[in-house]
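Read through the structure below, which is laid out as structure tokens, and then see the notes.
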Amino acid sequence: LGLEVFEKKPFLQRVVKTYKRVKKDSALLLSACSHLLYNEELMASLAESGFDAMLTDPFLPCGPIVALRLALPVVFFLNSLPCGLDFQGTRCPSPPSYVPRVLSLNSDHMTFLQRVKNMLILVSEGFLCNVVYSPY
């Protein structure tokens with residue numbers, strides 16, 4: 001996905017290609033998670049190991065789901081949660097007219113066009129988050 005940012009294709013074509021790629025990758029990750037959760041032998045071995053907590057990246061929900069199944073507390077090692085869940089969880093305001101989105105590369109002093117770009121990124125994040133996380 002990172003290299004596709006630099007492609008010189010029309011915007012709508014890039015959006016469709018990114019959507020298809022995210023959907024495909026998401027299905028692959030969901031399949032891997034399902035195989036892990038339904039591997040009774042491995043899950044039983046993990047449960048018997050007596051872990052105190054689980055370190056996981058919150059970007060993909062498989063880690064927290066495994067932790068829930070093993071009744072372990074979760075420690076996230078990412079500076080923000082995906083889809084703005086950190087802002088929702090803390091009820092911290094994040095107006096897109098002032099607070100730049102992570103992938104926008106904008107500062108907090110944005111021009112009008114940068115604010116529009118910021119808003120488009122915010123809207124597309126919600127859409128892509130729905131594509132990635134709804135199967136879970």
ILVMFWY network linking [X] to [Y], side-chain heavy atoms under 4.5 angstrom:
X: Leu36; Y: Leu70; value: yes
X: Val22; Y: Tyr19; value: yes
X: Leu37; Y: Met54; value: yes
X: Val116; Y: Leu122; value: no
X: Val123; Y: Leu128; value: no

State, with a plain yes or no, whether a side-chain heavy atom of [X] is found less than 4.5 Å away from one of [Y].
X: Phe76; Y: Thr56; result: yes
X: Leu29; Y: Cys33; result: no
X: Arg69; Y: Ile65; result: no

State the [atom1]-[atom2] distance between [X] and [Y], to the nearest 0.5 angstrom.
X: Phe112; Y: Lys117; atom1: CZ; atom2: NZ; result: 14.5 Å
X: Tyr38; Y: Met43; atom1: OH; atom2: CE; result: 11.0 Å
X: Met119; Y: Ser124; atom1: CE; atom2: OG; result: 10.5 Å

State whether the side chain of [X] and the backbone N or O of [Y] hold a donor-acceptor pair below 3.5 Å, judged by distance alone.
X: Arg101; Y: Asn118; answer: no
X: Ser34; Y: Leu30; answer: yes
X: Ser49; Y: Phe51; answer: no

Is it true that, when you exclude Asp52 itself, more than 12 heavy atoms of the residues, nucleotides or ligands shown sit nearer than 6.0 Å to its CG? no

Please check if atom CD in Glu41 has more than 12 non-hydrogen atoms from other residues, nucleotides or ligands closer than 6.0 Å. no

For Leu55 and Phe77, the nearest pair of non-hydrogen atoms, with its separation, is C-CE2, 3.8 Å

Val99 versus Ser94, closest heavy-atom pair with distance: CG1-OG, 3.6 Å

